Amino acid sequence: MANSPVKKIIITGFMGSGKSSVAKALAELLNYRVIDLDEVIESAAGRSPAAIIQEDGEARFRELERQALTSSMEDNGKQVLALGGGTWILKANRDQIQQHGAVSVWLDAPFDLCWKRIAGAVDQRPLAPDENTAFKLFSKRTSCYELADLRVAVTELKSAEEIAAEIARTLAKRTT
Ligand code: S3P
């Protein structure tokens with residue numbers, strides 16, 4: 001018997017792996033709503049994730065992130081949700097995502113590509129202030145990202161649209 005198409009698709013991966021652009025491209029392709037968790041946090045708090053981490057600390061940011069995840073998960077429509085780079089690392093968040101029957105997709109980008117994008121971005125990433133700190137965090141988190149349902153290899157040459165199409169093809173195979 002064929003399964004019905006998945007309603008919630010979660011995009012995870014390290015900072016700079018391309019979560020927001022891939023989520024947007026995938027949502028367009030599937031005609032789903034796109035949600036960016038960092039944007040949900042920012043509009044609820046009136047401050048960027050970077051400002052919250054710098055002013056109130058990472059622990060407070062994680063609380064707000066958890067609340068934003070809960071409200072996004074309670075939305076029953078079809079959605080592609082781009083997480084922040086640390087959301088998936090917390091077991092409670094992963095459990096919540098699984099309980100809602102979401103399919104998780106890990107954008108597996110090499111560290112050099114992530115760092116190039118982090119270093120060149122306008123957005124601040126207080127948890128990755130320099131290459132060495134970023135690399136340590138990247139190495140520490142990889143085993144958690146591996147727990148996602150699907151893995152997609154990201155390279156500099158693949159566009160967000162190509163990656164989204166690859167995810168859509170894999171999802172279609174799972175649901176037919
Ligand atoms: C974080 C990643 C950021 C943002 C915050 C914390 C992390 O999102 O949520 O700065 O812990 O990796 P991006 O992955 O979109 O940069």
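For the single chain, residues carry numbers from 1 onward in sequence order. Order of listing sets the numbers, starting from 1, for every ligand and every atom in it. These numbers come from a predicted model, not from an experiment.
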Going by an N to O cut-off under 4.0 Å, is there a salt bridge joining [X] and [Y]?
X: D36; Y: K19; answer: no
X: K116; Y: D112; answer: no
X: E166; Y: R169; answer: no

> Are more than 12 heavy atoms from other residues, nucleotides or ligands located less than 6.0 Å from atom CZ of R66?
Replying inline: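 No, not enclosed.
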Sub-4.0 Å atoms of ligand 1 with respect to non-hydrogen atoms of [X]:
X: F61; answer: 5 (C), 6 (C), 9 (O)
X: I53; answer: 5 (C), 6 (C), 10 (O)
X: G84; answer: 8 (O), 9 (O), 14 (O)

Side chains of [X] and [Y]: closer than 4.5 Å at any heavy-atom pair?
X: S72; Y: L37; value: yes
X: Y145; Y: T12; value: yes
X: R94; Y: C144; value: yes

[atom] - nearest protein heavy atom and its distance:
atom: atom 2 (C) of ligand 1; result: G85 N, 3.4 Å
atom: atom 7 (C) of ligand 1; result: G86 N, 3.3 Å
atom: atom 16 (O) of ligand 1; result: R125 NE, 2.8 Å

> Mind checking whether R62 has a heavy atom under 4.0 Å from ligand 1?
Replying inline: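 R62: in contact with ligand 1 (<4.0 Å).
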> Taking the non-hydrogen atoms of R141, is any one of them nearer than 4.0 angstrom to ligand 1?
Replying inline: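 It does, in that a heavy atom of R141 comes within the 4.0 Å cut-off of ligand 1.
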>> Heavy atom to atom 4 (C) of ligand 1, shortest distance: which of L137, I11, D38 holds it?
In response: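 Looking at heavy atoms only, the winner is D38.
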